[in-house]
Colleague: 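Starting off with a structure, shown below.
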Amino acid sequence: MIKKFPKSFLILFTFALSLLACDAVDDLLTFTITDDIDFEVSSGIPISTPFEISTPPVESNSKSEFENNNSRVDLVKEIKLKSLNLAITSPEGKTFSFLKSIKIFISDSNDKNEIELASLDTVPEDAKTISLETTNTALDAYVKGSSYNLRTEVVTRETLTETVAINAEMKYQVTADPL
């Protein structure tokens with residue numbers, strides 16, 4: 001005896017199966033690339049006044065990462081910042097107690113089309129590492145190239161008496177078509 005299933009069950013089953021199939025395809029086409037850069041916050045920055053910190057251009061390794069993940073620049077559908085973490089690398093034992101807030105902006109290699117990348121309005125005073133809140137902006141135009149620029153704007157809560165070295169690690173989620 002053949003059992004008949006209600007039409008609504010078959011529709012629900014087909015829908016669930018298609019969702020699982022789409023998730024599996026998306027996982028095959030999504031990967032993470034990481035860029036990092038070191039910069040310094042100098043002593044003598046004014047308290048409670050926005051101040052820009054110079055940051056060298058970021059040399060992106062995106063082209064090789066695309067190739068390592070069986071894709072190419074022209075097959076990239078979308079790039080978004082997944083995380084941006086800052087860690088103090090020197091002096092040893094230093095915390096972010098001097099920092100009140102931070103904003104990081106990204107622009108292309110010609111310093112054009114600048115947009116906010118990530119920020120943190122209230123930096124924890126006792127932290128040696130911090131995670132910034134990322135925007136959900138598509139960053140394809142910036143990360144696909146061989147380099148891009150970052151501009152960092154900080155507001156301090158105390159005067160620095162020494163230079164602080166910071167490492168910024170950026171993880172980008174890339175969705176691309178396979179080769």
Side-chain angles (χ1 to χ4, degrees), residues 30-66 68-69 73 76 78-176:
T30 302
F31 55 93
T32 301
I33 60 174
T34 303
D35 285 337
D36 72 302
I37 188 165
D38 295 311
F39 63 95
E40 293 181 340
V41 180
S42 301
S43 59
I45 296 175
I47 298 174
S48 297
T49 303
F51 185 85
E52 280 189 35
I53 298 170
S54 62
T55 310
V58 178
E59 299 298 322
S60 179
N61 62 353
S62 60
K63 184 176 178 183
S64 63
E65 289 290 339
F66 298 150
N68 291 342
N69 286 282
V73 158
V76 171
E78 181 179 69
I79 301 174
K80 291 194 175 183
L81 183 63
K82 191 174 180 180
S83 66
L84 196 156
N85 299 311
L86 301 179
I88 296 177
T89 56
S90 93
E92 190 173 319
K94 183 70 176 166
T95 67
F96 280 101
S97 63
F98 67 94
L99 199 57
K100 184 176 182 180
S101 65
I102 184 167
K103 288 183 181 182
I104 298 180
F105 301 86
I106 189 171
S107 61
D108 60 24
S109 58
N110 298 319
D111 277 334
K112 298 197 190 274
N113 305 315
E114 182 181 78
I115 59 170
E116 187 174 321
L117 186 63
S119 65
L120 190 58
D121 290 329
T122 306
V123 176
E125 292 185 41
D126 59 347
K128 292 182 183 180
T129 62
I130 55 175
S131 296
L132 277 60
E133 297 168 6
T134 62
T135 61
N136 197 26
T137 307
L139 302 169
D140 313 21
Y142 306 96
V143 182
K144 281 182 180 181
S146 60
S147 69
Y148 54 88
N149 295 320
L150 296 179
R151 182 176 65 85
T152 305
E153 186 178 285
V154 299
V155 176
T156 58
R157 60 168 66 99
E158 63 186 49
T159 302
L160 279 173
T161 57
E162 58 194 338
T163 299
V164 178
I166 298 174
N167 174 265
E169 180 187 65
M170 297 149 289
K171 292 191 180 203
Y172 298 97
Q173 182 173 311
V174 180
T175 303

Colleague: Which atom pair, heavy atoms only, marks the closest approach of Lys82 to Thr32?
Modeller: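 Answer, listing the atom of Lys82 first, then Thr32: NZ-OG1, 3.8 Å.
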Colleague: Does the side chain of Asn85 reach to within under 4.5 Å of the side chain of Thr129, using non-hydrogen atoms?
Modeller: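 Counting from C-beta outward, Asn85 and Thr129 never come under 4.5 Å.
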Colleague: So do the side chains of Glu125 and Thr95 get within less than 4.5 Å of each other, counting heavy atoms only?
Modeller: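 They are not in side-chain contact.
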Colleague: How close do Pro124 and Ile130 get, heavy atom to heavy atom, and via which atoms?
Modeller: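 For Pro124 and Ile130, the tightest heavy-atom pair comes out as CD-CG2, 4.0 Å.
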Colleague: Is any side-chain heavy atom of Ser107 less than 4.5 Å from a side-chain heavy atom of Arg151?
Modeller: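 No. Closest side-chain heavy atoms not under 4.5 Å.
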Colleague: If you compare all heavy atoms of Pro91 against all heavy atoms of Val164, which two are closest, and at what distance to 0.1 Å?
Modeller: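 What the structure gives for the nearest pair is CD-CA, 4.2 Å.
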Colleague: Nearest 0.5 Å, please: how far is CE in Met170 from CD1 in Ile106?
Modeller: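 Here the rounded value is 8.0 Å.
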Colleague: In sequence, state the C-alpha distance, the side-chain angles, and the governing distance for Leu86 and Phe96, and then conclude on side chain to side chain contact (heavy atoms under 4.5 Å, CB included).
Modeller: CA-CA 10 Å; Leu86 301 179; Phe96 280 101; 4.0 Å; yes
Colleague: Roughly how far, to the nearest 0.5 Å, is CD1 of Ile104 from OG1 of Thr134?
Modeller: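 Thr134 OG1 to Ile104 CD1: 11.5 Å, rounded to 0.5 Å.
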Colleague: Might you confirm whether atom NZ of Lys94 has over 12 heavy atoms from other residues, nucleotides or ligands at distances under 6.0 Å?
Modeller: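 Check passes, neighbour count above 12.
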Colleague: So which atom in Pro57 and which in Asn149 form the shortest heavy-atom distance, rounded to 0.1 Å?
Modeller: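 Smallest interatomic distance, heavy atoms only, reads CB-OD1, 3.4 Å.
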Colleague: Rounded to the nearest 0.5 Å, what separates atom CG in Asn61 from atom OG1 in Thr34?
Modeller: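 Result: 7.5 Å between the selected atoms.
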Colleague: Ser101 vs Asp121, test: side chain to side chain donor-acceptor pair (under 3.5 Å). Steps then yes/no.
Modeller: CA-CA 5 Å; Ser101 65; Asp121 290 329; 5.6 Å; no
Colleague: Can you tell me how far CG of Leu160 sits from CD of Glu40, rounded to the nearest 0.5 angstrom?
Modeller: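 Rounded to the nearest 0.5 Å, the CD-CG separation comes to 11.5 Å.
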Colleague: Can you name the nearest heavy-atom pair linking Ser60 to Gly145, along with the distance?
Modeller: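 Closest approach of Ser60 to Gly145, heavy atoms only: CB-O, 3.5 Å.
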Colleague: Search all heavy atoms of Val174 against all heavy atoms of Phe66 and return the closest pair with its distance.
Modeller: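 That would be CG1-CE2, 3.8 Å.
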Colleague: Supply the atom-to-atom distance Leu139 CG to Ile115 CD1, rounded to the nearest 0.5 angstrom.
Modeller: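 The CG atom of Leu139 sits 5.0 Å away from the CD1 atom of Ile115.
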Colleague: Going from CZ on Arg157 to CG on Leu99, what distance comes out if it is rounded to the nearest 0.5 angstrom?
Modeller: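 The CG atom of Leu99 is 7.0 Å from CZ of Arg157, to the nearest 0.5 Å.
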Colleague: Do other residues, nucleotides or ligands put more than 12 heavy atoms under 6.0 Å from the NZ atom of Lys80?
Modeller: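 Atom NZ in Lys80 is crowded, with more than 12 foreign heavy atoms closer than 6.0 Å.
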Colleague: Step by step, work out the side chain to side chain contact (heavy atoms under 4.5 Å, CB included) result for Phe98 and Val41.
Modeller: CA-CA 10 Å; Phe98 67 94; Val41 180; 4.1 Å; yes
Colleague: Set out, in order, the CA-CA distance, both residues' side-chain angles and the distance that settles side chain to side chain contact (heavy atoms under 4.5 Å, CB included) for Asp35 and Tyr148, then state yes or no.
Modeller: CA-CA 11 Å; Asp35 285 337; Tyr148 54 88; 2.9 Å; yes
Colleague: Between Leu117 and Phe105, is any pair of side-chain heavy atoms under 4.5 Å apart?
Modeller: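 No. Closest side-chain heavy atoms not under 4.5 Å.
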Colleague: Decide yes or no for Asn113 and Tyr142: does some side-chain heavy atom of the first lie under 4.5 Å from some side-chain heavy atom of the second?
Modeller: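 Touching, per the 4.5 Å side-chain cut-off.
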Colleague: Any heavy-atom pair between the side chains of Thr152 and Ile102 that's under 4.5 Å?
Modeller: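 Ile102 vs Thr152: side chains touch.
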Colleague: Quick one: does any side-chain atom of Thr89 pair with a main-chain N or O of Asn167 as donor and acceptor, under 3.5 Å?
Modeller: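 Pair absent, no side-chain N/O of Thr89 close to backbone of Asn167.
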